[in-house]
Number of protein chains: 2
Amino acid sequence: MDLTALREHSPEACRGRETLDRVAEKWTLMVIAMLGERTKRFNELKRECVGISQRMLTVTLRSLERDGLVTRTVHPEIPPRVEYTLTDLGRTMLEAIEPLLVWTESHAARIDAARAAYDAEHPDRQAAGT
Amino acid sequence: MDLTALREHSPEACRGRETLDRVAEKWTLMVIAMLGERTKRFNELKRECVGISQRMLTVTLRSLERDGLVTRTVHPEIPPRVEYTLTDLGRTMLEAIEPLLVWTESHAARIDAARAAYDAEHPDRQAAGT
DNA sequence: CAGAATCCCGTTAGATACTG
DNA sequence: CAGTATCTAACGGGATTCTG
(Lines give C-alpha, C1' and ligand atoms only; values in the text may rest on other atoms or scores of the structure.)
Protein backbone atom coordinates (compact mmCIF):
# COMPACT_ATOMS: atom_id res chain seq x y z
CA MET A 1 0.00 0.00 0.00
CA ASP A 2 1.25 3.42 -0.92
CA LEU A 3 0.62 6.05 1.70
CA THR A 4 2.93 8.64 0.30
CA ALA A 5 0.11 11.03 -0.36
CA LEU A 6 -0.93 11.23 3.28
CA ARG A 7 2.40 12.75 4.13
CA GLU A 8 2.43 15.36 1.44
CA HIS A 9 1.51 18.97 1.78
CA SER A 10 -0.35 19.25 -1.51
CA PRO A 11 -4.03 20.22 -1.60
CA GLU A 12 -4.95 16.64 -2.52
CA ALA A 13 -3.11 15.28 0.48
CA CYS A 14 -4.89 17.77 2.70
CA ARG A 15 -8.19 16.54 1.34
CA GLY A 16 -7.12 13.02 2.08
CA ARG A 17 -6.44 13.91 5.68
CA GLU A 18 -9.71 15.77 5.94
CA THR A 19 -11.50 12.71 4.71
CA LEU A 20 -9.66 10.68 7.28
CA ASP A 21 -10.91 13.11 9.90
CA ARG A 22 -14.45 12.68 8.68
CA VAL A 23 -14.12 8.94 9.01
CA ALA A 24 -12.73 9.38 12.48
CA GLU A 25 -15.68 11.41 13.69
CA LYS A 26 -17.23 9.70 16.62
CA TRP A 27 -20.47 8.35 15.15
CA THR A 28 -19.68 8.11 11.45
CA LEU A 29 -18.67 4.46 11.40
CA MET A 30 -21.60 3.41 13.56
CA VAL A 31 -24.23 5.20 11.48
CA ILE A 32 -22.80 4.02 8.18
CA ALA A 33 -22.71 0.48 9.54
CA MET A 34 -26.34 0.64 10.61
CA LEU A 35 -27.47 2.11 7.33
CA GLY A 36 -25.48 -0.58 5.59
CA GLU A 37 -28.17 -3.05 6.52
CA ARG A 38 -30.95 -1.07 4.87
CA THR A 39 -32.72 2.25 4.69
CA LYS A 40 -33.76 3.41 8.12
CA ARG A 41 -35.73 6.11 9.88
CA PHE A 42 -34.44 8.60 12.37
CA ASN A 43 -35.68 7.00 15.56
CA GLU A 44 -34.69 3.58 14.37
CA LEU A 45 -31.11 4.77 14.02
CA LYS A 46 -31.32 6.49 17.35
CA ARG A 47 -32.35 3.25 19.01
CA GLU A 48 -29.62 1.24 17.33
CA CYS A 49 -26.72 3.60 17.84
CA VAL A 50 -26.64 2.95 21.55
CA GLY A 51 -25.46 6.00 23.42
CA ILE A 52 -26.00 8.58 20.71
CA SER A 53 -27.99 11.67 21.57
CA GLN A 54 -30.71 13.08 19.38
CA ARG A 55 -28.59 16.06 18.62
CA MET A 56 -25.50 14.12 17.63
CA LEU A 57 -27.50 11.84 15.37
CA THR A 58 -28.96 14.87 13.63
CA VAL A 59 -25.56 16.49 13.28
CA THR A 60 -23.91 13.30 12.06
CA LEU A 61 -26.62 12.58 9.50
CA ARG A 62 -26.54 16.12 8.19
CA SER A 63 -22.81 15.90 7.83
CA LEU A 64 -22.99 12.56 6.04
CA GLU A 65 -25.63 13.97 3.73
CA ARG A 66 -23.42 16.94 2.99
CA ASP A 67 -20.55 14.64 2.09
CA GLY A 68 -22.73 12.73 -0.34
CA LEU A 69 -22.66 9.53 1.70
CA VAL A 70 -26.29 9.47 2.78
CA THR A 71 -29.57 10.51 1.21
CA ARG A 72 -32.33 12.07 3.26
CA THR A 73 -35.89 11.53 2.05
CA VAL A 74 -38.80 13.36 3.63
CA HIS A 75 -42.23 11.81 3.15
CA PRO A 76 -44.84 14.52 3.48
CA GLU A 77 -47.11 12.67 5.84
CA ILE A 78 -48.48 13.11 9.30
CA PRO A 79 -46.78 11.98 11.41
CA PRO A 80 -43.68 12.82 9.40
CA ARG A 81 -41.49 10.06 8.08
CA VAL A 82 -37.87 10.67 7.13
CA GLU A 83 -35.71 7.95 5.71
CA TYR A 84 -31.98 7.73 5.40
CA THR A 85 -30.23 5.65 2.78
CA LEU A 86 -26.62 5.10 1.79
CA THR A 87 -25.74 6.60 -1.58
CA ASP A 88 -23.56 4.73 -4.03
CA LEU A 89 -20.62 6.60 -2.61
CA GLY A 90 -21.78 5.68 0.88
CA ARG A 91 -21.89 2.04 -0.08
CA THR A 92 -18.31 2.15 -1.31
CA MET A 93 -17.39 3.52 2.08
CA LEU A 94 -19.34 0.77 3.80
CA GLU A 95 -17.32 -1.80 1.89
CA ALA A 96 -14.15 -0.03 2.95
CA ILE A 97 -15.03 -0.11 6.64
CA GLU A 98 -16.45 -3.61 6.81
CA PRO A 99 -13.10 -5.23 7.55
CA LEU A 100 -12.62 -2.71 10.32
CA LEU A 101 -16.02 -3.38 11.84
CA VAL A 102 -15.36 -7.09 11.78
CA TRP A 103 -11.92 -6.58 13.29
CA THR A 104 -13.43 -4.42 15.98
CA GLU A 105 -15.87 -7.07 17.06
CA SER A 106 -13.43 -9.92 16.96
CA HIS A 107 -10.52 -8.22 18.72
CA ALA A 108 -12.29 -6.23 21.40
CA ALA A 109 -11.51 -8.85 24.02
CA ARG A 110 -7.79 -8.91 23.18
CA ILE A 111 -7.59 -5.14 23.45
CA ASP A 112 -9.38 -5.26 26.75
CA ALA A 113 -6.86 -7.79 28.00
CA ALA A 114 -3.89 -5.78 26.76
CA ARG A 115 -5.28 -2.73 28.48
CA ALA A 116 -5.69 -4.54 31.78
CA ALA A 117 -2.17 -5.93 31.53
CA TYR A 118 -0.75 -2.50 30.79
CA ASP A 119 -2.57 -0.93 33.70
CA ALA A 120 -1.30 -3.66 35.99
CA GLU A 121 2.28 -3.05 34.91
CA HIS A 122 2.06 0.72 34.96
CA PRO A 123 0.07 1.60 38.06
CA ASP A 124 1.62 5.06 37.90
CA ARG A 125 0.81 5.97 34.35
CA GLN A 126 -2.92 5.48 34.49
CA ALA A 127 -5.20 8.33 33.58
CA ALA A 128 -7.38 9.69 36.33
CA GLY A 129 -10.86 9.52 34.90
CA THR A 130 -10.66 6.28 32.98
CA MET B 1 -21.95 -8.95 7.73
CA ASP B 2 -23.58 -9.39 11.10
CA LEU B 3 -23.68 -6.28 13.20
CA THR B 4 -26.16 -7.51 15.73
CA ALA B 5 -23.67 -7.29 18.52
CA LEU B 6 -23.13 -3.56 18.09
CA ARG B 7 -26.73 -2.93 18.98
CA GLU B 8 -26.81 -5.06 22.08
CA HIS B 9 -26.47 -3.92 25.63
CA SER B 10 -24.30 -6.78 26.79
CA PRO B 11 -20.82 -6.15 28.19
CA GLU B 12 -19.29 -7.61 25.02
CA ALA B 13 -21.25 -5.21 22.87
CA CYS B 14 -20.10 -2.32 25.02
CA ARG B 15 -16.52 -3.42 24.50
CA GLY B 16 -17.15 -3.51 20.79
CA ARG B 17 -18.39 0.05 20.83
CA GLU B 18 -15.47 1.13 22.98
CA THR B 19 -13.11 -0.42 20.48
CA LEU B 20 -14.93 1.43 17.74
CA ASP B 21 -14.36 4.62 19.68
CA ARG B 22 -10.68 3.86 19.98
CA VAL B 23 -10.46 3.33 16.26
CA ALA B 24 -12.29 6.56 15.66
CA GLU B 25 -9.90 8.61 17.75
CA LYS B 26 -8.50 11.37 15.67
CA TRP B 27 -4.95 10.19 15.07
CA THR B 28 -5.22 6.45 15.52
CA LEU B 29 -5.67 5.55 11.87
CA MET B 30 -2.93 7.89 10.75
CA VAL B 31 -0.35 6.63 13.23
CA ILE B 32 -1.14 2.98 12.60
CA ALA B 33 -0.87 3.62 8.87
CA MET B 34 2.52 5.27 9.24
CA LEU B 35 3.83 2.51 11.49
CA GLY B 36 2.50 0.02 8.98
CA GLU B 37 5.40 0.88 6.71
CA ARG B 38 8.02 0.09 9.32
CA THR B 39 9.32 0.80 12.78
CA LYS B 40 9.70 4.50 13.31
CA ARG B 41 11.01 7.02 15.81
CA PHE B 42 9.05 9.69 17.59
CA ASN B 43 10.09 12.67 15.53
CA GLU B 44 9.79 10.74 12.32
CA LEU B 45 6.14 10.07 13.12
CA LYS B 46 5.67 13.65 14.14
CA ARG B 47 6.96 14.83 10.78
CA GLU B 48 4.79 12.42 8.84
CA CYS B 49 1.52 12.90 10.68
CA VAL B 50 1.08 16.37 9.29
CA GLY B 51 -0.78 18.57 11.72
CA ILE B 52 -0.30 16.48 14.83
CA SER B 53 1.06 18.21 17.89
CA GLN B 54 3.82 16.75 20.00
CA ARG B 55 1.41 16.24 22.82
CA MET B 56 -1.21 14.44 20.74
CA LEU B 57 1.39 12.13 19.26
CA THR B 58 2.58 11.23 22.74
CA VAL B 59 -0.95 10.66 23.97
CA THR B 60 -1.93 8.62 20.93
CA LEU B 61 1.17 6.44 21.07
CA ARG B 62 0.73 5.81 24.78
CA SER B 63 -2.85 4.83 24.20
CA LEU B 64 -1.96 2.51 21.34
CA GLU B 65 0.73 0.95 23.49
CA ARG B 66 -1.78 0.44 26.27
CA ASP B 67 -4.14 -1.32 23.89
CA GLY B 68 -1.41 -3.68 22.78
CA LEU B 69 -1.26 -2.31 19.25
CA VAL B 70 2.17 -0.72 19.42
CA THR B 71 5.44 -1.53 21.14
CA ARG B 72 7.64 1.17 22.57
CA THR B 73 11.35 0.47 22.73
CA VAL B 74 13.73 2.80 24.53
CA HIS B 75 17.37 2.61 23.52
CA PRO B 76 19.49 3.87 26.43
CA GLU B 77 21.71 6.15 24.41
CA ILE B 78 22.50 9.82 24.25
CA PRO B 79 20.74 11.37 22.51
CA PRO B 80 17.84 9.09 23.41
CA ARG B 81 16.28 6.93 20.76
CA VAL B 82 12.77 5.54 21.07
CA GLU B 83 11.25 3.31 18.47
CA TYR B 84 7.65 2.39 17.87
CA THR B 85 6.59 -0.81 16.18
CA LEU B 86 3.27 -2.44 15.43
CA THR B 87 2.60 -5.56 17.46
CA ASP B 88 1.04 -8.63 15.88
CA LEU B 89 -2.31 -7.33 17.04
CA GLY B 90 -1.49 -3.96 15.58
CA ARG B 91 -0.71 -5.55 12.25
CA THR B 92 -4.09 -7.25 12.19
CA MET B 93 -5.62 -3.83 12.72
CA LEU B 94 -3.51 -2.39 9.93
CA GLU B 95 -4.90 -5.01 7.58
CA ALA B 96 -8.39 -4.10 8.71
CA ILE B 97 -7.95 -0.41 7.99
CA GLU B 98 -6.08 -0.68 4.72
CA PRO B 99 -9.24 -0.72 2.60
CA LEU B 100 -10.41 2.37 4.44
CA LEU B 101 -7.13 4.19 3.88
CA VAL B 102 -7.24 3.36 0.22
CA TRP B 103 -10.88 4.45 0.02
CA THR B 104 -10.01 7.69 1.76
CA GLU B 105 -7.37 8.59 -0.75
CA SER B 106 -9.35 7.61 -3.79
CA HIS B 107 -12.66 9.22 -2.83
CA ALA B 108 -11.54 12.44 -1.21
CA ALA B 109 -12.20 14.39 -4.37
CA ARG B 110 -15.75 13.06 -4.71
CA ILE B 111 -16.55 13.98 -1.14
CA ASP B 112 -15.14 17.40 -1.70
CA ALA B 113 -17.39 17.82 -4.72
CA ALA B 114 -20.47 16.56 -2.89
CA ARG B 115 -19.74 18.99 -0.09
CA ALA B 116 -19.45 21.92 -2.46
CA ALA B 117 -22.67 20.93 -4.21
CA TYR B 118 -24.52 20.65 -0.91
CA ASP B 119 -23.29 24.01 0.25
CA ALA B 120 -24.40 25.56 -3.03
CA GLU B 121 -27.89 24.12 -2.68
CA HIS B 122 -28.26 24.88 1.00
CA PRO B 123 -26.80 28.33 1.51
CA ASP B 124 -28.88 28.58 4.69
CA ARG B 125 -27.82 25.41 6.42
CA GLN B 126 -24.09 26.00 6.42
CA ALA B 127 -22.28 26.00 9.69
CA ALA B 128 -20.63 29.21 10.73
CA GLY B 129 -17.08 28.19 11.47
CA THR B 130 -16.55 25.57 8.80
C1' DC C 1 -42.23 11.51 14.44
C1' DA C 2 -38.34 14.16 13.35
C1' DG C 3 -36.21 17.43 14.24
C1' DA C 4 -34.54 22.85 15.64
C1' DA C 5 -32.97 25.92 19.23
C1' DT C 6 -30.81 27.02 23.48
C1' DC C 7 -28.08 26.43 27.43
C1' DC C 8 -24.08 24.78 29.47
C1' DC C 9 -20.38 22.01 31.06
C1' DG C 10 -16.47 18.69 30.43
C1' DT C 11 -13.03 17.23 27.52
C1' DT C 12 -9.81 17.95 23.86
C1' DA C 13 -6.16 19.61 21.90
C1' DG C 14 -2.93 23.55 20.62
C1' DA C 15 0.81 26.61 22.29
C1' DT C 16 4.48 27.26 25.22
C1' DA C 17 8.07 26.32 28.40
C1' DC C 18 10.96 23.05 30.79
C1' DT C 19 13.89 18.44 31.37
C1' DG C 20 16.76 13.94 31.34
C1' DC D 1 15.89 13.50 20.93
C1' DA D 2 11.90 12.45 23.24
C1' DG D 3 9.38 13.62 25.97
C1' DT D 4 6.55 16.09 30.55
C1' DA D 5 3.92 19.97 32.60
C1' DT D 6 0.83 23.65 32.58
C1' DC D 7 -2.43 26.84 30.92
C1' DT D 8 -6.23 27.99 28.12
C1' DA D 9 -9.40 28.47 24.06
C1' DA D 10 -12.36 25.88 21.49
C1' DC D 11 -15.26 22.34 20.58
C1' DG D 12 -18.07 18.34 21.42
C1' DG D 13 -21.86 16.77 23.13
C1' DG D 14 -25.71 16.09 26.85
C1' DA D 15 -30.18 17.77 28.71
C1' DT D 16 -34.08 20.28 27.99
C1' DT D 17 -37.65 22.73 25.66
C1' DC D 18 -40.34 23.84 21.61
C1' DT D 19 -42.43 22.99 16.83
C1' DG D 20 -44.44 21.51 12.05
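Note that the structure is predicted; figures quoted are calculated from it, not measured. Every chain is numbered from 1 and lettered A, B, ... according to where its sequence line falls, protein lines coming before strand lines.
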Shortest non-hydrogen contact between Pro80(B) and Arg41(B), atoms and distance: O-NH2, 3.5 Å
Interatomic distance where CD belongs to Glu83(A) and P belongs to dG3(C) [whole Å]: 11 Å
Separation of atom CZ in Arg62(A) from atom C1' in dA2(C), rounded to whole Å: 10 Å
Minimum heavy-atom distance Ala33(B)-Leu101(B), with the two atoms named: CB-CD1, 3.5 Å
Nearest heavy-atom neighbours spanning Ala96(A) and Pro99(B): O-CB, 3.6 Å
d(CD, Glu65(A); C1', dG3(C)) in whole Å: 13 Å
Check: Asp2(A) side chain, Thr4(A) main-chain N or O, donor-acceptor pair, under 3.5 Å: yes
Gap between atoms CD and P, on Glu25(A) and dC11(D) respectively (whole Å): 13 Å
Positions of residues 46-56 of chain B (non-hydrogen atom under 4.0 Å from DNA chain C), listed by number: Ser53(B), Gln54(B), Arg55(B), Met56(B)
Whole-Å gap separating P (dC1(D)) and CD (Glu77(B)): 13 Å
Pro80(A) vs Lys26(A), nearer the 5' end of DNA chain D by closest nucleotide: Lys26(A)
Pair Asp112(A) + Arg115(A), salt bridge at N-O below 4.0 Å: no
